[in-house]
Amino acid sequence: MQDKTILEVKHLSKKFGETDVLKDIDGTVKSGEVICVIGPSGAGKSTFLRCLNLLEKPTSGEVNFEGTDLTNVDDKQLVKLRERMGMVFQSFNLFPNMTVIENLKLAPIRVKGMADAEAEKTGMHLLGLVGLQEKAHVYPSSLSGGQQQRVAIARALAMNPEVMLFDEPTSALDPEMVGEVLEVMQKLANEGMTMVVVTHEMGFAKEVADEVWFMADGYILEKGKPEDVFDHPQNERAKDFIGKIIQSV
Amino acid sequence: MKKRVKAIIQVIMVIGIFLTLGIWQTTQADAADNSLQRIKQRGELIMVTSPDYPPYEFQVNKNGKSRIVGMDIDVAKKVAKDLHVKLVIKSMNFDSLLVAIQTGKADMAIGGINPTTTRRQSVDFSKIYYSGGQSFLINSSDVNKYKSVKNLRGATIGAQTGTLQYGLAKKKIPNSTVKGMDKSTDLVLALKTHKIDALGIEKPSAEAYVKNDPSLKMIPSGYHLDKNEVGAAIAFKKGSDSLVNAVNKSIDQIKQQHLTDQYLASAGKYMKVNTVNTSMWHYWSYFAKGVEYTILISIVATFFGVLIGVILALMRFSKQKWIRGLAISYTEFIRGTPLMVQVMFVYFGIGVVVNIPALISGMIAVSLNSGAYVAEIIRGGINSVAAGQTEAAESLGLSKRDMMRFVILPQAFKNIWPALGNEFISLIKESSIVSIIGVTDLIYQLNIVRADTYRGVMPIFVAMLLYFIMTFALTRLLNHYEGKMKHAG
Ligand SMILES: Nc1ncnc2c1ncn2[C@@H]1O[C@H](COP(=O)(O)OP(=O)(O)OP(=O)(O)O)[C@@H](O)[C@H]1O
Ligand SMILES: [Mg+2]
């Protein structure tokens, strides 16, 4: 079971006009794995993550999700496959016109055709998981950043995804709220969720990640177990980057 | 891209013009004359007039009911009676009377129309049923200044737009400035407030005004005119010989029996009734009806305007280039042409193909117009929704439709609520333009009350107040809902 490949990226590249943002990326994510992607600002981490669920269309290369190349399917199929990948954004992106529970219920009801009562039940269960059951009927604007991000995680989980993609989920938060979100993510990892996490939280990466990928200039320059990447980086740029981060902590 | 859009718009405009011209031609070429037969079959004779020209035709309020009366109406009644059909009266701006005939909105136009050579090119005329003669109205205070028409040299002269008086003043009074307005009531007011020095008007009308208003005096025009320039005749669509002949028989009788004297006398009586009670309260039912229609048109136009606006806005986000182009062309075209022209186009232009009643035409035109503006507002609203919302919805696997319906549009509407509110408010005000095709909205009623009471300013003030009450009430209502929405978000 551990060995089942969920995502496989081959020779992925992405250009925005003339600028090469992703140059030649390869990588495999197996079921139950937690991958942390680190790297300097502008390295292309967000772009890479967004290419995984085709929010951004790759210029060339393959993105295989459970054996299907997403770059080669029509829009309808893409929507179908995308619902099985959850995504959590830096800026939460909750729907402000709906209450918390409505945020959680919308996609299961509209996309999966789930009955309202069932969606409500799973929604409440997931809110329990992120510790926010009592906030079910308020609007997102009345929540703190940390609470909003936990709701966003619950919303993505409501679609029962195969893999969760996180793009710097804690960098828009006040420091005192970072912990509660990381805690939820750690809980998810422990339960065996497959996750790709772009993050600057080295502590989390060290403790939770199965693999750390270091990205810079549109390449993945170093890949390995966290202790290897953090303690004995091979690549010069990785050494430099990790050195700076450890200094600043 | 810009060039292409322009090209598309041009193509659409050209097609539109040819289409209407084509339709026009075909209806005009309708050869067989069944004009009389059609009316007899229908059992109704539809006449159109501009009831602000006493004693020819004007509105009176009798026993709380508004009626159009006057010499012309009596003539028309006699014609209908002789044809053994019912008379149906439609009212419209004088400017639009002949167009209404050409486009088949009515069987005949009657309204003190002089059968000039120019007009004979576009419509047929009956025999002349009355010869009034031309005259000028001046202020009593100016009697010494303007003893005769010779003194009017270099003066500012007013006349109803599209009338013979307008053309005559231009041609025959040297160095004069001629000011045209739609309503003779406005012209009388302009005269009394010295915006104009004299008002070119038919003699019977002038006499009516002088009788009811001591501050006005009449001087004869002194024009040497042929009978087509002094007489009034009934206008018909070209090629209605059978109808014209039948009507001429009635006119012969009218002349033999000198019936117009009788008609003028009874019109005079109505005018006396009319000046007894000119308080605005007396006319509340007029204003109420006007408010009712204005609100009705605004509500309908708001509903369909939003509907059209949403559709157009969504078309702008379509993947298909031609759908986007269509929406852009429509919006640009509507925003680039005046509402007044659009109203006339729907009523007269499209009316050639299908006969749409004035009220419905007005509603259609205002809705189509509002739709273009609402579309732009909604488009702005959709663009104002943060990009992250789209991404979040996409990442959850929502379809484009569901994303619009549940995520983007509700937020867009909240953002644009104030702008949309402004659009609704301006709709109440701008819908006033439909009065030109005879829809009995507040402006239309206002003009009737003015014609009826010989009071120029007071009815305007009342209408202004009523418009303000409507818009202010709407503003408060919208603010209330805006507050509610803020609460929810
Ligand atoms: N839509 C776009 N159009 C043009 N350029 C873009 C676009 N999105 C990203 N870029 C560019 O691509 C490069 C990589 O951006 P990306 O957001 O992937 O970096 P990142 O590694 O996530 O950085 P950060 O840590 O700041 O989030 C940047 O130079 C950015 O300016
Ligand atoms: Mg980023």
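Just so it is clear: chains get the letters A, B, ... in the order the sequence lines come, proteins before strands, and each one is counted from 1.
Distance check: B:Arg405 CZ to A:Leu106 CG gives 10.0 Å after rounding to the nearest 0.5 Å. Atom CZ of residue B:Phe413 and atom CG of residue A:Asn97 lie 12.5 Å apart, to the nearest 0.5 angstrom.
For chain B, the nearby part of A:Phe89 is the side chain; its heavy atoms alone come within less than 4.5 Å. With a 4.5 angstrom heavy-atom cutoff, A:Leu94 touches chain B only via backbone atoms. Both the backbone and the side chain of A:Arg155 come within less than 4.5 Å of a heavy atom in chain B. Neither the backbone nor the side chain of B:Arg401 has a heavy atom closer than 4.5 Å to any heavy atom of chain A. Of the two parts of A:Met85, only the backbone, made up of N, CA, C and O, holds a non-hydrogen atom closer than 4.5 Å to a non-hydrogen atom of chain B.
Under a cut-off of 6.0 angstrom, the local environment of CD in A:Gln186 is crowded, with over 12 non-hydrogen atoms contributed by other residues, nucleotides or ligands. Counting non-hydrogen atoms of neighbouring residues, nucleotides and ligands closer than 6.0 angstrom, the CZ atom of A:Phe16 exceeds 12 such neighbours. No more than 12 heavy atoms of other residues, nucleotides or ligands shown are found within 6.0 angstrom of NZ on A:Lys80.
For the set A:Glu83, A:Gln90, A:Lys112, the count of heavy-atom pairs under 4.5 angstrom toward chain B peaks at A:Glu83.
Contact annotation for residues 291-320 of chain B against chain A (heavy-atom separation below 4.5 Å, listed by residue number): B:Lys319. Along residues 384-396 of chain B, the residues that come nearer than 4.5 angstrom to chain A, judged on non-hydrogen atoms, are B:Gly388, B:Gln389, B:Glu391, B:Ala392, B:Ala393, B:Glu394, B:Ser395, B:Leu396 in order of number.
Heavy-atom minimum distance, A:Pro96 versus B:Gln411: CG-OE1, 3.3 Å.
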